Amino acid sequence: MSGLALLHSVVPASWAILLAVTLFAIGACGVLLRRNAIIVFASIEMMMNAANVLFVAMADSWDHAAGRIFVFFVIVVAAAEAAVGLGIVLALYRLHGTVDIDRASLMRG
Amino acid sequence: MTDASTLATQVVFAVIALVTIASGILVVTRRNPVAAIACLVVHFVATACAYIVLSSQFLGAAQVLVYAGAIMVLFLFVVMLLAVDKQPDPGAASGLGRKVLVAACALVLITVVGRAVAQHSAGPAAAGTLAPGVEDSIQWLAADLMERHLVAFELSSMVLIAAMAGVLVYTTRRGREMPGGTP
């Protein structure tokens, strides 16, 4: 793999892993603590983003393209997921008149 | 790479990481959904900067376009549509601390942009060229994406179409008004 050493950054992999884990923890706290469906959804996006940071860090650390390809597809799926998820929030608001997820405890409307 | 530039890169990454974590905490702790989404924009832009420092320049650009652009517009659109923020935001928009923060941000922006402009005008690069490392990185990613992962790449467009069609189906039900009174 000649020429790929150019791509290798000087940031220690442990820093990036620490960043990713911290972001995932913050996102998990948001999902568990908040009741506003939109903020919960934003926290889920943050957790997805943390996984992306980890993929990029490992791709950088090991000089391997697979991590970057994964991140590309995760971004594509995240766009679809955001549209579907926010559509669900809209539908939830139509049914219950609120975005409080504690009020939406029934599986059937 | 020299020790000084190594250290500079590491300091830049540390600053970006701190901004990312701080804005992430703000997303979770803000009561006002609009403020939380604004912090989420900062969070995603800072993450894009982290990608660039970790030598994934194309992914940084894609992150800004898709996350900080498209997805954040969707979030803000839904927040505004649902009129979640009924109570006014108490005690904001004034105070010395905020003014100092705004001034510091403006100063940093002017310094960074000024430095970039000065560097660029000092050594004129040919239009449309990139640094060698960046060009290699993007070529490499594109070749891998378009050769080995072409089927997955095409299928991802079907995922987007299917998601869009699905959302249209279940959000445009006829004969139902929103209880909040907003259209």
Side-chain angles (χ1 to χ4, degrees), chain A residues 3-4 6-12 15-16 18-19 22-23 26-27 29-31 33-34 36 38-39 41-43 45-46 49-50 52-53 56-57 59-61 65-69 71-73 75-84 86-91 93-99, chain B residues 1 5-6 9-10 13-14 17 20-21 24-25 27-28 30 33 36-37 40 43-44 47 50-51 53-56 58-59 62-63 66-67 70-71 74-75 77-79 81-82 84 132-133 136-137 140-141 144-145 148-149 152 156 159-160 162-164 166-167 170-171 173 176 178-180:
Chain A
L4 303 186
L6 256 180
L7 307 172
H8 194 65
S9 88
V10 293
V11 178
W15 294 17
L18 202 60
L19 173 65
T22 311
L23 293 182
I26 294 170
C29 288
V31 170
L33 294 176
R34 297 299 300 264
N36 185 333
I38 296 172
I39 304 299
F41 197 61
S43 302
E45 293 285 338
M46 274 174 59
N49 214 38
N52 279 354
V53 170
V56 168
D60 180 53
S61 176
R68 296 192 175 99
I69 300 285
V71 172
F72 182 83
F73 285 114
I75 288 176
V76 171
V77 172
E81 179 245 356
V84 172
L86 290 170
I88 290 173
V89 172
L90 273 180
Y93 186 74
R94 284 183 189 184
L95 273 174
H96 296 279
T98 175
V99 288
Chain B
M1 200 173 269
S5 84
T6 300
T9 310
Q10 289 176 351
F13 183 80
T20 314
I21 290 170
I25 290 172
V27 170
V28 175
R30 288 297 90 183
I37 299 305
L40 195 59
H43 175 81
F44 283 145
T47 316
Y51 290 173
V53 174
L54 291 169
S55 64
S56 298
F58 174 76
L59 290 176
Q63 168 94 358
V66 177
Y67 268 105
I71 293 181
L74 263 183
F75 266 97
F77 181 73
V78 171
V79 169
L81 189 67
L82 298 187
V84 174
D136 280 359
S137 151
W140 192 35
L141 186 73
D144 212 25
L145 200 58
R148 282 180 62 200
H149 303 279
S156 67
V159 170
L160 286 173
M164 196 178 76
V167 171
Y170 71 71
T171 53
R173 260 188 222 155
R176 278 202 190 196
M178 295 174 92

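Quantities reported herein were computed from a predicted structural model and do not represent experimental measurements. Throughout, a chain's letter reflects where its sequence line sits, starting with A, and its residues are numbered from 1.
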If we define contacts as heavy-atom pairs under 4.5 Å, which of [options] has the most with chain B?
options	answer
A:Gly30, A:Ala91, A:Ala79, A:Ala42	A:Ala42
A:Leu19, A:Thr22, A:Leu86	A:Leu86
A:Asn52, A:Leu18, A:Val31, A:Ile39	A:Asn52

So for [X], is it side chain, backbone, both, or neither that comes closer than 4.5 Å to the heavy atoms of chain A?
X	value
B:Arg30	backbone
B:Ile21	both
B:Tyr67	side chain
B:Phe77	neither
B:Val66	side chain
B:Ala70	neither

With side chains defined as the heavy atoms from C-beta onward, is the minimum distance between [X] and [Y] less than 4.5 Å?
X	Y	value
A:Phe73	B:Leu145	yes
B:His149	A:Phe72	no
B:Leu59	A:Val56	yes

With sequence neighbours excluded, tell me which residues meet side chain to side chain donor-acceptor pair (under 3.5 Å) with A:Asn49.
->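 B:Thr47, B:Gln63.
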Decide yes or no on side chain to side chain contact (heavy atoms under 4.5 Å, CB included) for B:Val159 and A:Val76, but give the supporting numbers first.
-> CA-CA 9 Å; B:Val159 170; A:Val76 171; 5.6 Å; no
Based on non-hydrogen pairs under 4.5 Å, which of B:Gly166, B:Ala152, B:Ala62 is most in contact with chain A?
->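 Sorted descending by pairs with chain A, the first entry is B:Ala152.
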Do you know the tightest heavy-atom contact between [X] and [Y]?
X	Y	result
B:Gln10	A:Trp15	O-CZ3, 3.5 Å
B:Val28	A:Arg34	O-NH1, 2.7 Å
B:Ser56	A:Arg68	OG-NE, 2.6 Å

To the nearest 0.5 angstrom, please state how far the CD atom of A:Glu81 sits from the CD1 atom of B:Ile71.
->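 The CD atom of A:Glu81 sits 7.5 Å away from the CD1 atom of B:Ile71.
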Under the side chain to side chain contact (heavy atoms under 4.5 Å, CB included) criterion, do A:Ile38 and B:Leu82 qualify, and how do the steps go?
-> CA-CA 10 Å; A:Ile38 296 172; B:Leu82 298 187; 4.1 Å; yes
Which answer fits A:Ile26, side chain, backbone, both or neither, if we ask what part of it has an atom under 4.5 Å from a heavy atom of chain B?
->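 It is both, since atoms from each part get that close.
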Any residue meeting side-chain contact (heavy atoms from CB on, under 4.5 Å) with B:Val167, in chain and number order, not counting sequence neighbours =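 B:Val167 satisfies side-chain contact (heavy atoms from CB on, under 4.5 Å) with A:Ala83, A:Val84, B:Tyr170, B:Thr171 only.
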